[in-house]
Amino acid sequence: MTPPGALIEASALRKAYGPTPALDGADFSIHPGEVVAVMGPSGSGKSTLLHCLAGIIGPDSGTIRYDGRDLTVLRDGERSALRRAEFGFVFQFGQLVPELTCAENVALPLRLNGVRRTEAERQAQEWLERLEVDEVAGKRPGEVSGGQGQRVAVARALVSRPRVVFADEPTGALDSLNGERVMDLLTDAARASGTAVVLVTHEARVAAYSDREVVVRDGVAREVAAAA
Amino acid sequence: MSIGHTLLGLLESGPRHGYDLKRAFDEHFGHDRPLHYGQVYSTMSRLLKNGLVEVDAVETGAGPERKRYAITDAGVTDVAQWLARPEKPEPYLQSTLYTKVVLALMTGRNAAELLDTQRAEHLRLMRGLTERKRGGDLADQLICDHALFHLDADLRWLELTAARLDKLAETVAA
């Protein structure tokens with residue numbers, strides 16, 4: 001039973017790719033401002049769980065409620081609109097638009113949500129400063145380091161003040177020091193703004209930035225409490 | 001940790017009283033385990049006896065007399081030798097966790113659950129260390145990183161063992 005006040009609440013999720021089940025009855029919940037690590041070995045279904053929770057793919061069965069709304073019955077367009085307005089994303093390799101400058105990349109979610117260019121640029125600059133990468137504002141993603149690019153990706157994920165950030169192995173391509181800095185900045189900024197973070201990682205040192213962890217194994221997610 | 005060598009090393013920068021030595025030790029190396037005064041004075045007695053330190057001055061006043069210690073040439077050589085000698089790496093071959101996993105399998109208990117509970121316990125400690133590191137200075141960060149990397153290695157072993165549990169169960173049953 002999920003405690004009251006959950007922002008996302010998913011239960012009995014099943015998803016198969018052909019004959020192979022990726023999720024086999026997974027449950028999950030997250031509350032506003034909470035950072036939850038989703039751990040598990042490669043191929044366990046943790047990225048599929050994140051994609052279902054974020055409405056990127058639909059589960060074959062099971063329910064996902066976001067802020068009281070049933071995600072699984074929304075049409076594609078409605079899910080896209082919800083993702084743009086309420087969710088932010090950070091992936092392992094940044095996935096910044098290579099033709100745009102870093103500042104334009106950060107401003108992009110705001111522009112897509114109809115914010116005027118000057119205001120979007122102002123807010124993008126503010127987030128780049130907050131993520132300590134304002135010096136790369138005018139550069140294109142191909143001209144910055146992996147660590148800088150990932151901070152730009154975090155700024156882009158947070159600029160529209162989402163209620164949930166989905167981060168899939170956000171430090172997977174970074175060395176220890178850059179990875180830690182990205183996690184410091186991501187979790188500090190998220191906690192300061194009450195944003196929930198679903199953090200998929202196979203690294204314990206990254207999961208240690210979370211408030212709690214769920215482990216996905218063979219498509220089943222479970223939470224184990226530490227001994228008191 | 002060799003308290004004697006550490007105190008000797010602290011004396012290399014100049015003579016100190018026992019109290020100053022304790023304070024310097026606690027500041028740099030004490031962290032969760034500050035030295036007891038008794039440990040300082042018993043260690044200094046041993047170093048004196050071995051000729052590695054000498055009493056540089058004695059202050060007398062209203063309270064008990066205070067000795068100021070200085071390192072001797074033999075003491076400097078001893079510290080140099082200690083620093084140059086590599087620490088013996090831990091072999092990590094006597095693992096309680098391994099024993100527990102095998103015993104759980106041998107007795108028909110749930111070894112996967114045991115591994116999950118241990119992971120949660122490790123992560124709980126890692127969260128505390130990560131939090132301390134975030135608010136700490138460079139010394140805190142390095143000390144916590146040392147612990148975090150070791151715990152991380154344990155967790156990788158837990159994951160690997162979880163993935164090999166069926167095979168291990170067969171071996172144990174054979």
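Letters go in sequence order (proteins before strands), and every chain restarts at 1.
Heavy atoms closer than 4.5 Å to chain B are found in the side chain of A:Ser176, but not in its backbone. At a 4.5 Å heavy-atom cutoff, B:Ala163 makes no contact with chain A through either its backbone or its side chain. Using a 4.5 Å cut-off between heavy atoms, A:Asp188 touches chain B through backbone and side chain atoms alike.
In this structure, B:Leu123 and A:Met39 have side chains that are in contact, with non-hydrogen atoms separated by less than 4.5 Å. Side-chain contact between A:Arg205 and B:Asp145: present, with at least one pair of heavy atoms (C-beta onward) separated by less than 4.5 Å.
Closest heavy-atom contact between A:Pro41 and B:Glu159: CD-OE1, 4.2 Å.
Here the rule is salt bridge (Lys or Arg N to Asp or Glu O under 4.0 Å) with A:Glu213, and of B:Arg124, B:Arg127, B:Arg119 only B:Arg127 fits it.
For B:Arg134 and A:Glu180, the salt-bridge test fails: no basic side-chain N is under 4.0 Å from an acidic carboxylate O.
Within a 6.0 Å sphere centred on OH of B:Tyr41, heavy atoms belonging to other residues, nucleotides or ligands number more than 12. In this structure, B:Asp73 places its CG atom where only 12 or fewer heavy-atom neighbours from other residues, nucleotides or ligands lie under 6.0 Å away. Other residues, nucleotides and ligands contribute more than 12 heavy atoms inside 6.0 Å of the CZ atom of A:Arg222. When the shell of 6.0 Å around CZ of B:Arg109 is examined, it contains 12 or fewer heavy atoms from other residues, nucleotides or ligands. Residue-environment remark: CG (A:Asp70) exceeds the threshold of 12 foreign heavy atoms within 6.0 Å. Heavy atoms of other residues, nucleotides or ligands lying less than 6.0 angstrom from CG of A:Asp218 number 12 at most.
Here A:Asp184 contributes atom CG and B:Lys133 contributes atom NZ; the two are 7.5 Å apart, rounded to the nearest 0.5 Å.
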